[in-house]
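Below you'll find the structure, written out as structure tokens, and then a few comments.
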Amino acid sequence: MKHRKKMDVPFHRPSISEDEVEAVAESIRSGWITMGPVTADFEEQFASFVGMPYAIAVNSGTAALHCALDVLGLGEGDEVIVPANTFIATAEVVEYFRARPVLVDIEKDSHNISHEKILEAIGPRTRAIIPVHFAGQPCDMDEIMNIAQENNLAVIDDAAHSLPSKYKGKMIGSISDMSCFSFYATKPLTTGEGGMIVTADKDRAEELKSLRLHGMARDAWKRYQKSGSWKYDVLRMGYKYNTTDMNAAMGIVQLKKQNRMYDARVEIARSYAAAFSGTESLIPYQVKEDRESSWHLYPLKIRPDALTIDRDRFIEELAILGVGTSVHFIPLYRFTCYQDIQYRVEDFSASEWVYEREISLPIYPDMTDTEIEYVIQSVLDIASKNKK
Ligand SMILES: *Cc1c(COP(=O)(O)O)cnc(C)c1O
């Protein structure tokens with residue numbers, strides 16, 4: 001890049017304005033800072049955004065997945081099917097029950113769990129499937145729901161990336177038994193930390209509300225309010241997974257901006273697709289025709305055989321130019337904690353193939369046009385400088 005001035009474009013910047021600051025301040029001033037009425041408002045608004053009757057707020061996406069598996073009654077020795085290419089949380093929550101996450105390979109184009117490989121992975125102890133909608137692109141939910149029905153399995157979405165995403169016109173969150181969202185700092189809606197479970201099942205919703213607060217009976221959170229009572233019952237052992245009204249206050253403001261933030265990411269994805277589609281060494285990420293992605297991530301892939309450098313070096317060169325990137329994901333079987341699985345690379349050839357090629361580029365609503373253009377030019381310059 002001869003004449004261009006060096007910039008610093010971080011991998012992510014959360015979109016937080018004075019509106020969020022004001023809402024959180026108001027929540028603090030109210031004197032009620034833990035879970036309370038603002039959380040209930042946030043849950044109601046979130047449920048209606050996704051189009052489901054019930055939403056239960058918790059303090060992380062991981063906690064959401066943990067509670068969802070708990071209400072299924074998952075037990076020791078059970079198996080749950082998860083994609084090999086996901087964040088550790090998806091599999092970790094299965095291990096909390098001394099159950100076994102069964103890793104399944106992905107599709108090379110969408111990076112989503114392969115439904116054909118799901119069929120091969122089902123055994124007598126399989127209880128559930130956790131599809132992850134990678135980068136916000138919905139998995140093939142018709143296929144997955146059919147497989148689940150035929151084999152009597154539950155489906156819990158890991159919807160950490162997919163707000164808002166649609167499969168054949170239906171919102172992710174409204175298709176499976178339970179869907180779990182994350183409000184971690186980099187996610188489409190953030191409250192710093194946080195999560196949400198949505199469901200259509202009233203009894204499950206009640207159980208989840210109890211589970212997230214020590215298994216206490218319904219209105220125990222009010223016990224320090226004027227209208228509350230010191231007396232409460234504990235129905236069963238639960239967890240300390242409740243969120244706070246400070247987080248929920250931020251969530252309500254973020255929810256109001258969701259559609260605007262989504263439109264901005266779609267625009268960036270379009271610019272990337274247009275800029276990278278003509279270069280032989282680059283594979284732009286595509287979303288299948290019957291789906292809409294939240295574009296939480298922009299997973300570019302490189303073609304190592306058309307370049308003199310590998311993916312790691314490509315990332316280093318981007319970093320030298322000031323462009324922050326990431327890789328989604330390091331396949332789970334590569335981690336030390338899974339060394340005992342003794343995986344065979346043949347079982348995960350698509351995950352390996354994607355892992356060798358993937359680079360997640362910056363994509364967030366507050367990126368300026370200059371920043372978007374700078375990322376594009378940096379990628380194109382590195383690709384052309386290192387062409388085979
Ligand atoms: C972020 C993420 C989670 C976990 O969410 P936390 O809120 O950080 O607990 C789970 N699964 C996937 C795929 C994620 O990206």
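Just so we're clear, the structure is a prediction, and the values are computed from it rather than from any experiment.
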- request: Assess whether side chain to side chain contact (heavy atoms under 4.5 Å, CB included) is satisfied between Lys240 and Asn242, documenting all intermediate values.
  value: CA-CA 6 Å; Lys240 174 62 182 175; Asn242 64 280; 2.9 Å; yes
task: Might you work through the side chain to side chain contact (heavy atoms under 4.5 Å, CB included) test for Glu79 and Val94, ending with a clear yes or no?
output: CA-CA 8 Å; Glu79 294 181 357; Val94 177; over 6 Å; no
- request: Determine, step by step, whether Ser351 and Asp105 satisfy the side chain to side chain donor-acceptor pair (under 3.5 Å) criterion, reporting the C-alpha distance in whole Å, the side-chain angles of both residues, the deciding distance to 0.1 Å, and the verdict.
  value: CA-CA 6 Å; Ser351 297; Asp105 205 15; 2.6 Å; yes
- request: Show the numbers, then the answer: is there a side chain to side chain donor-acceptor pair (under 3.5 Å) between His328 and Ser360?
  value: CA-CA 7 Å; His328 292 89; Ser360 297; 2.7 Å; yes
Salt bridge (charged side-chain N to carboxylate O under 4.0 Å, His left out) evaluation trace for Lys209 with Glu206: CA-CA 5 Å; Lys209 281 188 179 173; Glu206 288 298 321; 5.3 Å; no
field: side chain to side chain contact (heavy atoms under 4.5 Å, CB included) evaluation trace for Ser165 with His133
entry: CA-CA 9 Å; Ser165 295; His133 310 291; 5.8 Å; no
query: Taking it one step at a time, do Asp245 and Ser27 satisfy side chain to side chain donor-acceptor pair (under 3.5 Å)?
result: CA-CA 7 Å; Asp245 273 13; Ser27 154; 5.7 Å; no
query: Can you list the steps and then say if Phe183 with Asn247 is a side chain to side chain contact (heavy atoms under 4.5 Å, CB included)?
result: CA-CA 10 Å; Phe183 307 142; Asn247 292 83; over 6 Å; no
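Side-chain atoms of Val327 and Arg311, non-hydrogen and from C-beta on, do get closer than 4.5 Å to each other. Using a 4.5 Å heavy-atom cutoff, the side chains of Val24 and Val253 are not in contact. At a threshold of 4.5 Å between non-hydrogen side-chain atoms, the residues Thr39 and Thr34 do not count as touching. Ile359 is not listed as a side-chain neighbour of Val379, based on a closest heavy-atom distance of 4.5 Å or more. Using a 4.5 Å heavy-atom threshold, the side chains of Asp70 and Arg236 count as touching. Side-chain contact between Arg127 and Phe97 is absent, with no heavy-atom pair separated by less than 4.5 Å. Contact annotation: the side chain of Arg291 approaches that of Asp140 to within less than 4.5 Å [non-hydrogen atoms, C-beta and beyond]. Taking the side chain as every heavy atom from C-beta outward, Asp109 and Gln286 never approach each other to under 4.5 Å.
A donor-acceptor pair shorter than 3.5 Å can be found between the side chains of Glu20 and Ser17. Using a 3.5 Å distance cut-off with no hydrogens or angles, the side chains of Ser176 and Asp157 do pair a donor with an acceptor.
In terms of hydrophobic clustering, with Ile, Leu, Val, Met, Phe, Trp and Tyr side chains grouped at heavy-atom distances under 4.5 Å, Leu300 and Ile283 are assigned to different clusters. Hydrophobic cluster membership differs between Ile252 and Val21, with clusters built from Ile, Leu, Val, Met, Phe, Trp and Tyr side chains linked at under 4.5 angstrom. Cluster membership check: Val132 does not share its hydrophobic cluster with Met141, using side-chain heavy-atom separations under 4.5 Å among Ile, Leu, Val, Met, Phe, Trp and Tyr. With hydrophobic clusters built from ILVMFWY side chains whose heavy atoms lie under 4.5 angstrom apart, Leu74 shares a cluster with Leu211. In terms of hydrophobic clustering, with Ile, Leu, Val, Met, Phe, Trp and Tyr side chains grouped at heavy-atom distances under 4.5 Å, Leu103 and Ile122 are assigned to different clusters.
For Asp305, the CG atom sits in a packed shell: over 12 heavy atoms of surrounding residues, nucleotides or ligands are nearer than 6.0 Å. Residue-environment remark: NZ (Lys231) stays at or below the threshold of 12 foreign heavy atoms within 6.0 Å. The number of heavy atoms from other shown groups lying within 6.0 Å of CD1 (Ile320) is above 12. Within a 6.0 Å sphere centred on CD1 of Ile33, other residues, nucleotides and ligands contribute 12 heavy atoms or fewer. With a 6.0 Å radius and a threshold of 12 heavy atoms from other residues, nucleotides or ligands, Gln149 has its CD atom at or below the threshold.
Closest of all the heavy-atom pairs between Val198 and Gly173 is CG2-O, 3.4 Å. Here the shortest heavy-atom pairing between Ala148 and Ile129 reads CB-CD1, 4.4 Å. Nearest heavy-atom pair across Met367 and Val9 is CE-CG1, 4.2 Å. Residues Met35 and Leu213 approach most closely at CE-CD2, 4.1 Å, considering heavy atoms. Closest heavy-atom contact between Ile363 and Trp295: CD1-O, 3.9 Å. The shortest non-hydrogen separation linking Leu208 to Met178 is CD1-SD, 4.2 Å.
Ionic pairing of Glu352 and Arg334 is present here: one or more N-O contacts between side-chain nitrogen and carboxylate oxygen are shorter than 4.0 angstrom. Classification of Lys117 and Asp347 as a salt-bridged pair fails, no side-chain N sitting under 4.0 Å from a carboxylate O. Note on Asp366 versus Arg13: no salt bridge recorded, every NZ/NE/NH1/NH2 to OD/OE distance being 4.0 Å or above. The residues Lys387 and Glu280 are annotated as not salt-bridged, no charged nitrogen and carboxylate oxygen being separated by less than 4.0 angstrom. The pair Arg313-Glu316 meets the salt-bridge criterion, since a charged nitrogen lies less than 4.0 angstrom from a carboxylate oxygen.
A centroid separation of 6.0 Å or more is found between the aromatic rings of Phe348 and Tyr355. Taking the six-membered ring wherever Trp is involved, the centroid distance between the rings of Phe87 and Tyr184 does not fall below 6.0 Å. A centroid separation of 6.0 Å or more is found between the aromatic rings of Tyr239 and Tyr96.
Glu76 places no side-chain N or O within 3.5 Å of a backbone atom of Arg98 that could act as its donor or acceptor partner. Listed for the Thr191 side chain is a donor-acceptor partner under 3.5 Å among the backbone atoms of Glu193. Between the side chain of Tyr167 and the main chain of Asp142, a donor-acceptor pair closer than 3.5 Å is present. Put simply, the side chain of Ser210 gets close to the backbone of Gly215: a donor and an acceptor are under 3.5 Å apart. For Glu358 (side chain) and Phe329 (main-chain N/O), no donor-acceptor pair under 3.5 Å exists by modelled atom type.
Ring planes of His111 and Tyr285: perpendicular class, angle over 60° (limits at 30 and 60°). Between His161 and His296, the ring-plane angle classifies as tilted under the 30° and 60° cut-offs.
Taken from CG in Leu332 to SG in Cys337, the straight-line distance is 7.5 Å, to the nearest 0.5 Å. Interatomic distance, Phe181 CZ to Asp158 CG, rounded to the nearest 0.5 Å: 10.0 Å.
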